[in-house]
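Values below: every heavy atom of this structure, side chains too, minus hydrogens, waters and symmetry copies. In the text below, chain A, chain B and the rest are named by the order of the sequence lines, each starting its count at 1.
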Amino acid sequence: MEQPGRMKSMARYNAKTTEAKWQAAWTAAMTFQAVENPDKPKYYVLEMFPYPSGRIHMGHVRNYAMGDVVARYKRARGFNVLHPMGWDAFGLPAENAALEKQIHPAKWTYENIANMRSQLQAMGLSLDWSREFATCDVEYYRQQQKLFLDLLKSDLAYRRESWVNWDPSENTVLANEQVIDGRGWRSGVAVERRQLSQWFFRITAFEDELLDALGDLDRWPDKVRLMQANWIGRSEGTRLRFAVKHNGAEIEVFTTRPDTIFGASFLALSPDHPQSAALAAENPEIAAFVAECRRQGTSEEAVEKAEKLGFDTGLRAQHPFLEGVELPVYIANFVLIGYGTGAIFGCPAHDQRDLDFARKYDLNVLPVVIPSGIDSTDFTVGTEAYTGPGRLENSEFLNGMSIDDAKGEIARRAEAGKFGTRETMYRLRDWGVSRQRYWGCPIPVVHCDDCGPVPVPEADLPITLPDDVTFDRPGNPLDRHPTWGATNCPACGKAARRETDTLDTFVDSSWYFARFCSPRAEQPLDRAAVDYWLPVDQYIGGVEHAILHLLYARFFTRAIKKSGHLGITEPFAGLFTQGMVCHETYRDESGNWLEPTEVNRNDAGQLVRMDNNAAITIGRSEKMSKSRKNVIDPEDIIERYGADTARWFMLSDSPPERDLEWTDSGIEGAWRFTGRIWRIIEEAAADLPPAGLAGPDHFSAPALALRRITHQAIAAVTDGIERFQFNVSVARLYELANALGSFKAGDGSGERWAQREAIETLVVMVGPMMPHLAEEAWQALGQTGLLADAPWPTLDAGLLVEDTVTIAVQLNGKVRDMLEIARDQPENEVREAALALDKVRAAVADKTVRRVIVVPNRIVNVVV
RNA sequence: GCCCCCUUGGCGGAACUGGCAGACGCACGGGACUUAAAAUCCCGAGACCGAAAGGUCGUCCCGGUUCGAGUCCGGGAGGGGGCACCA
């Protein structure tokens with residue numbers, strides 16, 4: 001195969017030198033440095049900042065290619081664009097690297113940043129690098145510590161006990177992903193759940209607001225808004241108190257279905273419920289059962305999927321509405337302590353989990369909601385609970401009511417009898433921000449035996465991480481550092497210990513977008529700068545951040561607004577979530593994954609191992625990942641084809657929100673197109689009229705036709721970018737290039753002029769996607785300024801509409817013929833013209849025309 | 001388990017608000033250029049029947065609404081995502 005760099009044809013476009021040339025030109029002219037300018041409309045484009053893993057991957061290329069299209073396009077439309085870049089630089093991988101490679105997390109991180117920065121710079125992104133920072137910069141986390149103190153002041157940060165995954169052999173807290181089948185990923189030892197005193201942010205203070213405001217985020221994907229709404233999980237329900245028969249205790253349950261109370265056949269407590277603990281203390285069997293439950297995973301999924309298990313405590317609770325009816329009290333593994341009251345009443349007929357449980361423990365299943373049209377005596381519940389609509393039966397005073405009325409009636413009676421209240425419950429829990437790790441922002445608090453936790457005075461900030469730490473032993477290096485933790489209480493002066501927890505890295509990413517407005521400010525944020533730039537007009541990133549990062553950032557914005565750091569409520573006015581980059585997977589005969597570079601196509605067209613020509617198995621396409629070895633290194637691609645080609649391929653074909661399939665032929669096609677554009681320009685440039693010349697009054701037919709195509713392309717490409725359909729914009733650019741490729745300019749009036757117009761339009765509109773090639777072409781066309789500063793082409797709407805239209809003529813809904821007719825003809829004329837067509841006459845023949853539907857300029861449907 | 005999304009030629013996909021399905025690209029076939037190849041350029045192409053003209057079928061499956069459905073509604077199948085310490 002021919003090497004791209006050694007093409008012998010007339011196209012001498014050299015991506016490597018050209019890209020470097022224009023990158024240097026943009027830097028020299030400080031083209032992308034953003035300066036506040038109240039006279040210009042601002043536009044803040046932001047891609048989710050990367051974790052500095054050391055190398056960019058194709059997901060980054062796709063993300064930043066999209067963001068750059070928006071940034072450069074908005075610049076061309078006259079906006080003052082802010083497009084910054086930084087590093088989400090704290091987190092676990094640096095500590096893992098420290099452990100594995102004996103390299104300090106800071107050194108590892110900053111080396112990675114340097115490497116990735118140069119990789120990103122090779123992409124030719126229109127970034128303002130003067131605003132760059134990393135969240136592990138002392139200056140950044142110093143400002144973050146101030147924000148933490150403000151959260152403490154406004155009572156949005158607090159401390160309480162909470163459950164964690166504890167690895168007893170490594171003496172460390174594990175992330176969920178570090179727990180595999182209930183065991184620590186490194187130690188292989190069974191993980192325990194343990195309570196630890198930890199810091200929390202009171203996100204629940206904004207739960208209603210965070211939910212309700214989703215409705216106004218109309219430039220967010222519905223999917224993300226729905227995921228956040230489900231996450232917050234507001235539900236209206238009733239809290240009911242049940243009296244326990246023999247010990248006089250009470251059990252409070254929360255239910256969203258109080259209407260089904262007469263179908264209740266048991267109560268169930270979470271294993272983590274205080275009463276379960278009390279019972280366990282007296283009964284070793286219960287203690288064993290609770291311990292068993294704690295070995296099951298903590299995620300909602302694990303809890304819901306596990307076999308429903310219960311333990312009959314022997315306690316009996318009085319039914320609140322049925323004298324003499326007692327319900328057994330179980331401890332059950334499917335009741336979550338974190339939601340509601342940690343106790344439920346079970347109505348098996350109308351809840352699947354309760355039904356599964358009831359079948360297992362042979363409890364009564366009494367239907368109390370009957371679907372309309374079915375007699376209650378005919379209605380039975382087998383293995384599937386009935387959760388649909390209906391009327392109440394078998395329910396005393398509720399009989400005949402709708403579900404909603406019955407819910408209201410129970411709540412009223414419970415409130416009147418003082419054994420229950422209406423209540424709104426949320427699934428959302430406060431945000432636990434404590435991490436027992438080194439590589440994070442130290443929490444600026446001192447623990448004093450007398451005063452308790454005391455905030456560090458602002459003047460004493462930053463609390464910096466000590467450099468002399470080791471990772472040869474498990475556990476938190478801050479905790480076992482010989483001197484770092486020792487200090488004096490800011491309140492009483494007595495000897496005290498520093499907080500050794502660091503902040504969740506989601507805190508770092510909850511305000512970085514605001515810091516970009518004034519990255520060197522002495523305070524966390526400069527009000528004038530954030531008031532000018534915020535909110536982010538277009539945020540772009542992976543859908544994997546749909547819930548946590550975006551919800552935390554929305555919370556944090558509200559939290560720091562309370563302290564006056566900024567004035568906005570919602571940080572991201574527009575959000576776009578891109579799809580992943582995928583590639584086929586390859587395995588050899590023994591099932592080992594193979595990299596694409598280890599695989600070759602043989603003469604028979606089959607993929608084989610490059611080293612020994614052995615057959616391989618091609619697996620389905622999956623997200624590029626190191627574990628499956630199906631990765632393509634962007635650096636190799638940029639080295640071989642150039643950044644423009646890589647960017648163009650990322651934007652072609654696949655809709656941005658969907659997954660993109662990486663193929664060799666796809667990148668080859670993109671690369672061919674760069675050559676094609678360059679040829680079009682080289683062949684035409686010499687014969688074009690000078691730049692900036694006014695057009696003639698009259699255009700020949702071919703010139704006019706080309707102008708129509710040009711302006712139709714302007715409309716379509718612009719629309720595609722505005723609607724985040726870059727693949728459609730790309731297709732329209734191909735069409736324009738195709739039209740130019742076959743256009744032969746003759747002596748007809750305005751033909752050369754129309755050709756220049758079309759070529760310049762192509763170049764300007766290709767600019768946001770392939771900026772280097774476009775700059776080079778712009779120069780070749782005799783332009784003196786930078787294309788990056790050139791305006792977007794102006795649409796002449798008069799050239800969009802043709803004089804005649806082709807109307808499809810249908811008979812009973814099936815297309816039978818076409819009708820060429822002047823556009824915007826009166827309806828009756830179109831109808832007559834259609835009926836006069838031979839095919840229509842033949843088909844109608846002796847039948848009566850019952851109806852003729854005319855859609856102007858589109859379609860005629862003759863119904864016989 | 002619960003919640004959500006997706007499904008259109010050999011492939012990626014296009015189709016504004018219910019109005020000509022398959023734009024554009026990839027792969028493929030034929031041709032031009034070339035000693036030859038590569039590159040480039042031109043032409044072809046949803047499937048089936050047909051020499052052709054033309055016809056029939058066709059947007060995962062089944063049903064519905066409508067003059068008209070890829071698009072709206074109901075049911076189903078297959079694939080994917082999220083579910084609280086990965087970032």
Side-chain angles (χ1 to χ4, degrees), chain A residues 1-2 6-11 48 50-51 53 88 90-93 164-165 173-179 198 222-223 226-227 229-231 233 298-306 308 334 338 352-353 356 427-429 431-437 504-506 508-509 542-549 551 580 620 649 652-655 658-661 663-666 668-670 672-673 675-676 679 716 719 723 725 727-735 737-738 741-742 806-815 817-818 850-853 855-864:
Chain A
M1 192 188 66
E2 174 106 12
R6 288 196 275 117
M7 214 171 123
K8 278 182 231 146
S9 84
M10 60 175 295
M48 291 180 184
Y51 180 81
S53 59
D88 188 13
F90 274 136
L92 212 43
V164 294
N165 299 311
V173 176
L174 297 181
N176 276 347
E177 72 155 12
Q178 296 172 321
V179 181
Q198 308 209 70
D222 290 341
K223 175 180 157 179
L226 183 68
M227 282 165 84
N230 289 341
W231 187 261
T298 56
S299 75
E300 202 165 305
E301 183 195 8
V303 169
E304 295 262 337
K305 265 187 165 165
K308 308 284 176 286
F334 64 94
Q352 193 59 46
R353 290 165 303 186
D356 295 344
R427 186 177 165 276
L428 183 69
R429 306 200 296 264
W431 172 15
V433 293
S434 279
R435 296 291 181 272
Q436 294 69 36
R437 312 197 192 288
D504 180 5
T505 57
F506 274 125
D508 311 340
S509 55
V543 71
E544 65 272 21
H545 293 292
I547 302 175
L548 293 185
H549 161 56
L551 190 64
M580 301 180 297
R620 61 150 210 232
F649 176 52
S652 328
D653 293 354
S654 292
R658 259 196 247 176
D659 289 351
L660 177 144
E661 170 74 13
T663 57
D664 291 344
S665 52
E668 289 282 338
R672 274 201 299 274
F673 186 63
R676 182 117 179 278
R679 267 194 306 282
D719 186 57
R723 303 197 313 157
Q725 290 187 302
N727 56 322
V728 179
S729 293
V730 164
R732 301 300 164 237
L733 288 167
Y734 270 117
E735 282 178 340
N738 289 345
S742 50
T806 310
I807 293 178
V809 180
Q810 299 181 329
L811 271 161
N812 293 335
K814 291 191 177 182
V815 179
D817 207 353
M818 292 296 174
R850 293 200 300 187
R851 209 171 151 187
V852 180
I853 285 125
V855 180
N857 299 325
R858 286 219 132 124
I859 211 164
V860 176
N861 189 10
V862 179
V863 185
V864 293

- Any idea which heavy atoms bring Ser729(A) and Ala716(A) closest together, and the distance? OG-O, 4.3 Å
- Message: Looking at every non-hydrogen atom in both residues, tell me the closest pair between Gly542(A) and Met48(A) and how far apart they are.
- Response: N-SD, 3.8 Å
- Note on the structure: Heavy-atom closest pair (Ile807(A) atom, Asn857(A) atom, distance to 0.1 Å) is CG1-C, 3.9 Å
- Query: What nucleic acid atoms does Pro655(A) come within less than 4.0 Å of, heavy atoms only: base, sugar-phosphate, or nothing?
  - Reply: sugar-phosphate
- Task: Find which nucleotide of RNA chain B each of Phe506(A) and Arg353(A) is nearest to by heavy atoms, and output the residue with the more 5' nucleotide.
- Result: Arg353(A)
- Query: How would you list, by chain and number, every residue that makes a side chain to side chain donor-acceptor pair (under 3.5 Å) with Asn230(A), sequence neighbours excluded?
  - Reply: none
- Note on the structure: Residues passing the side chain to side chain donor-acceptor pair (under 3.5 Å) test with Asp504(A), sequence neighbours excluded, are Trp431(A), Arg435(A)
- Task: Report the distance from atom CD of Glu668(A) to atom C1' of A39(B), rounded to the nearest whole Å.
- Result: 12 Å
- Is His549(A) touching bases, backbone alone, or none of the nucleic acid, heavy atoms closer than 4.0 Å? nothing
- NA contact type, Trp231(A), heavy-atom cut-off 4.0 Å: base, sugar-phosphate, or nothing? base
- Mind checking what makes ring pair (Phe, Tyr, Trp, His ring centres under 6.0 Å) contact with His545(A), not counting sequence neighbours? His549(A)
- Please tell me if the side chains of Thr663(A) and Phe649(A) come closer than 4.5 Å, counting only heavy atoms from C-beta onward. yes
- Counterpart residues, side chain to side chain donor-acceptor pair (under 3.5 Å), relative to Ser654(A) (two or more places apart): none
- Query: Could one point to a donor on the side chain of Gln198(A) or the base of C85(B) with an acceptor on the other under 3.5 Å away?
  - Reply: yes
- Task: Quote, to the nearest angstrom, the C1' distance that separates A15(B) from G46(B).
- Result: 16 Å
- NA contact type, Gln725(A), heavy-atom cut-off 4.0 Å: base, sugar-phosphate, or nothing? sugar-phosphate
- Item | Results of side chain to side chain donor-acceptor pair (under 3.5 Å) for Arg850(A) - residues two or more places apart only | none
- Could you give the distance separating U59(B) and A69(B) at their C1' atoms, to the nearest angstrom? 10 Å
- Message: Using whole Å, what does the distance between atom C1' of nucleotide C85(B) and atom CG of Leu92(A) come to?
- Response: 9 Å
- Base, backbone or nothing for each nucleotide of nucleotides 19-26 of chain B, written B, S, -, heavy atoms under 4.0 angstrom, 5' to 3'? BBS-BSSS
- Message: Could you tell me how far apart Arg427(A) (CZ) and G1(B) (C1') are, to the nearest whole angstrom?
- Response: 13 Å
- Please state how far atom CZ in Arg850(A) lies from atom C1' in U66(B), giving the value in whole angstrom units. 14 Å
- Query: Expressed as a whole number of Å, how far does the P atom of G25(B) sit from that of A32(B)?
  - Reply: 23 Å
- Could you tell me the separation between the CG atom of Leu660(A) and the CG atom of Asp653(A), rounded to the nearest 0.5 Å? 8.0 Å
- C1' gap between G74(B) and C24(B), integer Å: 36 Å
- Message: Just to verify, what does Phe334(A) make a ring pair (Phe, Tyr, Trp, His ring centres under 6.0 Å) with, not counting sequence neighbours?
- Response: Phe357(A)
- P atom, G79(B) versus G29(B): distance in rounded Å? 33 Å
- Message: When the C1' atoms of C72(B) and G18(B) are compared, how many Å lie between them, rounded to an integer?
- Response: 8 Å
- By ring pair (Phe, Tyr, Trp, His ring centres under 6.0 Å), Phe506(A) pairs with (sequence neighbours left out) Tyr552(A)
- G9(B) glycosidic torsion: syn (within 90° of 0) vs anti: syn
- Message: If I take atom CD in residue Glu544(A) and atom P in nucleotide C83(B), what distance separates them, rounded to the nearest angstrom?
- Response: 11 Å
- Would you say the side chain of Asp719(A) lies within less than 4.5 Å of the side chain of Arg732(A), judging by non-hydrogen atoms? no
- Item | Euclidean distance, atom CE of residue Met580(A) to atom C1' of A87(B) [Å, nearest integer] | 15 Å
- Message: For Ala731(A), give me all partners under side chain to side chain contact (heavy atoms under 4.5 Å, CB included), at least two apart in sequence or on another chain.
- Response: none
- Query: Rounded to the Å, how far apart are Gln352(A) CD and C2(B) C1'?
  - Reply: 11 Å
- Mind checking whether Val862(A) and Leu811(A) have side chains closer than 4.5 Å, heavy atoms only? yes
Check nucleotides 75-80 of chain B against the protein and report each pair of N or O atoms closer than 3.5 Å, with its distance, or say if there are none.
{"residue": "G80(B)", "atom": "OP1", "partner": "Arg620(A)", "partner atom": "NH1", "Å": "2.4"}
{"residue": "G80(B)", "atom": "OP1", "partner": "Arg620(A)", "partner atom": "NH2", "Å": "3.2"}

- Query: Taking the P atom of each, how far is U65(B) from U71(B), in whole Å?
  - Reply: 15 Å
- Note on the structure: Parsed dot-bracket for RNA chain B after applying the Watson-Crick and G-U rules with both distances under 3.5 Å and | for other-strand partners is (((((((..(((......[....))).(((((.......))))).((((....))))..(((((..]....))))))))))))....
Please list, pair by pair, any protein nitrogen or oxygen found under 3.5 Å from a nitrogen or oxygen in nucleotides 3-6 of chain B.
{"residue": "C3(B)", "atom": "O2'", "partner": "Asn230(A)", "partner atom": "ND2", "Å": "2.7"}

- Quickly work out the Leu548(A) CG to A87(B) P distance and round it to whole Å. 11 Å
- Message: Please give the distance between the C1' atoms of C73(B) and C83(B) as a whole number of Å.
- Response: 30 Å
- Task: Report yes or no: does Asn812(A) contribute a side-chain atom to a donor-acceptor pair with the main-chain N or O of Val864(A) at less than 3.5 Å?
- Result: yes
